[in-house]
Engineer: 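The structure's right below; bear with me while I get my questions together.
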Amino acid sequence: MQQLINGLILGHAYALIAIGWTVLLGVARLVNFGHGQMYMIGAFMAWWATAPLGLPYPVAVLVAVAAGALLGLLVQAVMLRLTLEQNLVSIMIVTLGFGHVLRGAASLAFGGTPQVLETPPSLIEFELAGAWITAQDLLIVAAAILVFALLRGVVERGRLGRTARMVAEDPKLAQLAGIDVTRVYLAVFAFEGAAVALAAALVAPRTPILTSIGFEEVIVTFVVVVLGGIGSVAGSYLAGVGLGLFTALFGGFVSPAYTTAASFAVLTAVLVLRPGGLAAGRAVR
């Protein structure tokens, strides 16, 4: 029971971390290999706002989200010309370099000492069906469900989602139709940065905060987005929860040292049997 609960919490954390990349890949058809480092910056900003500054945790979450949105705007402003040209290879290289710059800047600003984000919800523990859970864990699950529900409505049924898909399909044609393409791309990257920073502020209390944590988050988001079907909001949610359950059970009953390898083995098997991912045929295009 404890492993099942751990898996559900971990799965919702995975889904929440991956949601920004889901929108970026599925709606705007862009990539950002600095996604993991943006998660790391969001975690450090939440810690900085609570520990050194002494701000309340809800305010620290808002600080982290604002910092993430600004980072998203910054990276998109730098490579706006590449985005308009749909030069994906150059975008991959630029975002990868951007991630390394963020990691170096975080090392200079926060040092190499691991930090711990202590929050009031993380100190509230109670028993559920013979297993222990914290209020922070419930906050992660509730936030993931709420964000995915809102996002699905906006992306699949809202005007903003249709506009973003039109821009992704053909930026030049969308511009001729009177759509402000630059504003759309800036908004998508700002959302990605804000979403991953929100995930960091909620998930970071569960683990030490290091400048190296971004690498694992890139792997996790890649597996979740591809496994769920690129562009599928519901698919990413299901893939995140499924991956969390698999990781917890495999780590608890086999070995935590091989969970990443096992996750990629599952990803390979699913893509061989179902090339479009779990939500094949339902992805947002």
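Throughout, residue positions are numbered sequentially from 1 according to the sequence presented.
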Engineer: Could you go through Thr247 and Thr260, starting from their C-alpha distance and side-chain angles, then the distance that decides it, and tell me whether this counts as side chain to side chain contact (heavy atoms under 4.5 Å, CB included)?
Structural biologist: CA-CA 8 Å; Thr247 301; Thr260 300; over 6 Å; no
Engineer: CD of Gln2: more than 12 outside heavy atoms within 6.0 angstrom?
Structural biologist: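 Correct, the count exceeds 12.
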Engineer: Kindly compute the distance separating OG1 (Thr221) from CG (Asn32), expressed to the nearest 0.5 Å.
Structural biologist: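 Going from OG1 on Thr221 over to CG on Asn32, the span is 9.5 Å.
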Engineer: Leu8 vs Leu245, test: side chain to side chain contact (heavy atoms under 4.5 Å, CB included). Steps then yes/no.
Structural biologist: CA-CA 6 Å; Leu8 286 173; Leu245 287 170; 4.0 Å; yes
Engineer: Within a radius of less than 6.0 Å around CZ of Phe246, do more than 12 heavy atoms belonging to other residues, nucleotides or ligands occur?
Structural biologist: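 Counting other residues, nucleotides and ligands, CZ of Phe246 exceeds 12 neighbours.
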Engineer: Could you tell me which non-hydrogen atom of Pro114 sits nearest to which non-hydrogen atom of Leu210, and how far apart they are?
Structural biologist: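 Nearest heavy atoms, Pro114 then Leu210: CG-CD2, 3.2 Å.
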Engineer: May I ask you to decide if the ring planes of His12 and Tyr237 are parallel, tilted or perpendicular, using 30° and 60° as cut-offs?
Structural biologist: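 It falls in the perpendicular class, over 60°.
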Engineer: Give a yes or no on whether Ile93 and Leu74 share a hydrophobic cluster (residues Ile, Leu, Val, Met, Phe, Trp, Tyr; joining criterion: side-chain heavy atoms under 4.5 Å apart).
Structural biologist: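 No; tracing contacts between hydrophobic side chains, which count when under 4.5 Å, never links both residues.
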Engineer: Going by atom type alone, with no hydrogens or angles, which donor-acceptor pairs under 3.5 Å involve a side-chain atom of residues 95-107 and a protein atom two or more places apart or on another chain?
Structural biologist:
from	atom 1	to	atom 2	distance (Å)
Thr95	OG1	Phe33	N	3.1
Thr95	OG1	Ile91	O	2.9
Thr95	OG1	Met92	O	3.1
Ser107	OG	Arg103	O	3.0

Engineer: In the single-linkage hydrophobic clustering (I, L, V, M, F, W, Y; side-chain heavy atoms under 4.5 Å), do Leu55 and Leu139 co-cluster?
Structural biologist: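 Looking at the clustering, Leu139 is in the same group as Leu55.
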Engineer: When rounded to the nearest 0.5 angstrom, what distance separates CZ in Phe264 from CZ in Phe222?
Structural biologist: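 Answer for the CZ-CZ pair, Phe264 versus Phe222, is 6.0 Å.
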Engineer: Can you name the closest pair of heavy atoms from Val224 and Ser236 and give their distance?
Structural biologist: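 For Val224 versus Ser236, the nearest heavy atoms are CG1-O, 3.4 Å.
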Engineer: Going by side-chain hydrogen bond (donor to acceptor under 3.5 Å, both in side chains), name the pairs with one or both residues in residues 55-84, residues two or more places apart or in two chains.
Structural biologist: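 Non-adjacent pairs meeting side-chain hydrogen bond (donor to acceptor under 3.5 Å, both in side chains): Tyr57-Gln136, Gln76-Thr83, Arg81-Glu85.
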Engineer: Answer yes or no: is there a side-chain heavy-atom contact under 4.5 Å between Phe148 and Ile19?
Structural biologist: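 Yes, at least one pair of side-chain atoms sits under 4.5 Å.
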Engineer: Quickly, which of Val272, Val266, Thr268 forms a side chain to side chain contact (heavy atoms under 4.5 Å, CB included) with Val270? Name it, please.
Structural biologist: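 Exactly one option meets the side chain to side chain contact (heavy atoms under 4.5 Å, CB included) with Val270, and it is Val266.
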